[in-house]
Structures are given as structure tokens and as C-alpha cells.
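Shown next, in C-alpha cells, is the structure this report addresses.
In this text the structure is predicted, and so the values were computed from the model without any measurement. A, B, ... follow the sequence lines: proteins, then strands. Residue 1 opens every chain.
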Number of protein chains: 2
Amino acid sequence: MLPTDTDSLSLTFAALADPTRRAMLARLAQGPATVKELAQPFTLSMPTISKHLKVLERAGLIQRGREAQWRPAQLQAAPLRDVSAWLEDYRQHWEANFDRLQDYLRKIQKGDS
Amino acid sequence: MLPTDTDSLSLTFAALADPTRRAMLARLAQGPATVKELAQPFTLSMPTISKHLKVLERAGLIQRGREAQWRPAQLQAAPLRDVSAWLEDYRQHWEANFDRLQDYLRKIQKGDS
DNA sequence: TAGCTAATTAGCTAAATGGTAAAGTATGCA
DNA sequence: TGCATACTTTACCATTTAGCTAATTAGCTA
């Protein structure tokens, strides 16, 4: 989609579509961390880490501060709340084997026995 | 991340990071639909629609069948259940203004008053 | 068989993404 | 002032993605 792929949900989903970034969020769920701390589990260069953080920031998933030479990042969960709200419309489809129930309902409606 | 960006959650999030595909899923939540039906709300070419459907299929979000010359698609919600499960670890962070509470706790822990 | 509809495949382009190394900025400290 | 640490910016490369048109496959119907 060319126009406004910048919609908030798309930005959030795109940010979450990378295991490195999800691991960073998991770390930040424990509390704020510096860039170096966030980089530590990975074998990635610092610029790459910086880029990932920028993606998370653009999606509103983290907020960044300044403390001396450190740039601590902090989790901001609001976009995750939006994802959760989006998901709710589909909950019935995965609960209680809803897919198979739907199959059955469709079958009998077509008189397919 | 170079290795196995093909992990299931990443595939699902990437598939959801596009408003066209999310609209297709919303349509499919009402019941199965042919490719043409799914294309109808958009001004996109059929090949483009086909590609979007392939992304959804690869993520396991739809299943496709064959009925004469039609290829009906059907929602498969299991990957959304996985997303929901992943989200749960963060629920406390967005409920009850948890972010601000965390700020406060951090402050008093540092004796920052 | 021919022709129609439905959909995919092939081949292309432009832009975004994820990675790198090298250079630059900001802050604290000797 | 000068140096070390923490991090970002710049410039580059390879891959993926989203879009297109044109051509092809699949199945129904006359």
C-alpha cells in the first residue's frame, strides 16, 4: 500500500517483526537499559543496534533519555495495547476450535451433509 | 537478524504490518472469499493481490482451496493466538498506567524523591 | 475446439530493510 | 586540554518488498 503505510499499527507490527527487536523489548520489560546493555546479547555492530532502537522509537515502543554519555531506553507499552485491541476482533476465531466449527457450519449451510 | 528470520512470530508480524493484508483478514473474518472478492475494495492489480495472499498463506494466516476456477481463502487464526500469547507478557505494562508507576518506583529507588 | 473468467507466474522497477566500516558528536575525567 | 567511553551519523552494499504489465495456466461453457 503506497499511501500512509505510516499508520500506527503498521509501524508497530513492522517493528515487532524482528527477533532482535523483540528480544530488546523483552529486556526492557525488566526495566530501562543503555544501548550497550541492549547490544550485549547480540553479535551486532553498534550502528545496527542504533538502527533497531530507532525503529522501536519510531513505533512508539520505547522512549529514550539522556544521562551523561548514556542514552537509556525505556519500554512504552501503549502500542502493544493497540495491537491487543486489534487482536480482540479475532479472538473467537482461535478459541474453542472456532475454525473447525466454522467449517462445519459452512458445510451444513450448503446442504453438503 | 540474518539467520532464521523465518521464525513463525516474525512471519506473522511481518504479514500483519500491511493495511491491505489486515483489511483482507478483516474480510475473511466474515467467512471465506475468492481472490477477486478480496481484491474488490482495492485499486491494486490482481498479481499484487496474489502476492499479498501468498504472504498471508506463508504466515499461516489463511488456508487456500480450489473450487472450479476459484481459489477460496479462509482465515486461520492460530498465528493470531500466538501473537496474543506473546503480548500477554507485556499486558501489565499498559494496564493501570503501569508505565507511570514504573517511573515513580524507579525514582524513589534512586532516592530521587 | 474456441473463448471466457479466475488466478498465478515471469520479469521488471523503486523503495525499504538490515547489515557493515569509518567518521563524528557528546559527556565525564585526569 | 586531552583522552576515553557511549553512542549516532554517514555512506555504502545486498536482500526483500510492493507495485506494475504481459504472459501463462486452469477450468467452465458453448
Please state how far atom CD in B:E57 lies from atom C1' in C:dT8, giving the value in whole angstrom units. 12 Å
Mind checking whether B:W86 and B:F13 have parallel, tilted or perpendicular rings, split at 30° and 60°? perpendicular
When the distance from CG of A:L44 to P of D:dC7 is rounded to whole Å, what number comes out? 15 Å
To the nearest angstrom, how far is B:L11 atom CG from D:dT17 atom C1'? 14 Å
Residue pair A:P47/B:P47 against DNA chain C: nearer the 5' end by closest nucleotide is B:P47
So do A:V35 and A:R64 actually touch side chain to side chain, heavy atoms under 4.5 Å? yes
Would you kindly compare A:K51 and B:Q69 by the position of their nearest DNA chain C nucleotide and give the one closer to the 5′ end? B:Q69
Touch check for A:K54, heavy atoms < 4.0 angstrom, all strands: base, sugar-phosphate only, or nothing? sugar-phosphate
By nearest-nucleotide position on DNA chain D, the 5'-leaning member of A:P72 and B:T48 is A:P72
Would you call B:L16 and B:L80 a side-chain contact if the rule is heavy atoms closer than 4.5 Å? yes
Can you measure B:H52 atom NE2 to D:dT16 atom P for me and round it to whole angstrom units? 18 Å
Distance, rounded to the nearest Å, where B:D18 contributes CG and C:dA16 contributes P: 14 Å
Does B:R21 make a side-chain N or O approach to OP1 or OP2 of D:dA18 shorter than 4.0 Å? yes
Side-chain touch B:I62/B:L25, heavy atoms, less than 4.5 angstrom: yes
Please pick, from D:dC7, C:dA7, D:dC28, the nucleotide with the shortest atom-to-atom distance to any side-chain atom of B:R64. C:dA7
Watson-Crick or G-U counterpart of D:dA30, or none if no pair lies under 3.5 Å: C:dT1
Nucleotide D:dT10, atom C1' - distance to CE of A:M46 in whole Å: 16 Å
Atom-pair distance (CD on B:E67; P on D:dA26), nearest Å: 18 Å
Out of C:dT8, D:dA26, D:dA6, whichever nucleotide has its closest atom nearest the side chain of A:K36: D:dA6
Please report the distance, rounded to the nearest Å, between CZ in B:R66 and P in C:dT8. 8 Å
Does C:dT20 have OP1 or OP2 under 4.0 Å away from a side-chain N or O of A:S45? yes
Minimum side-chain heavy-atom gap B:M24-B:V55 below 4.5 Å: no
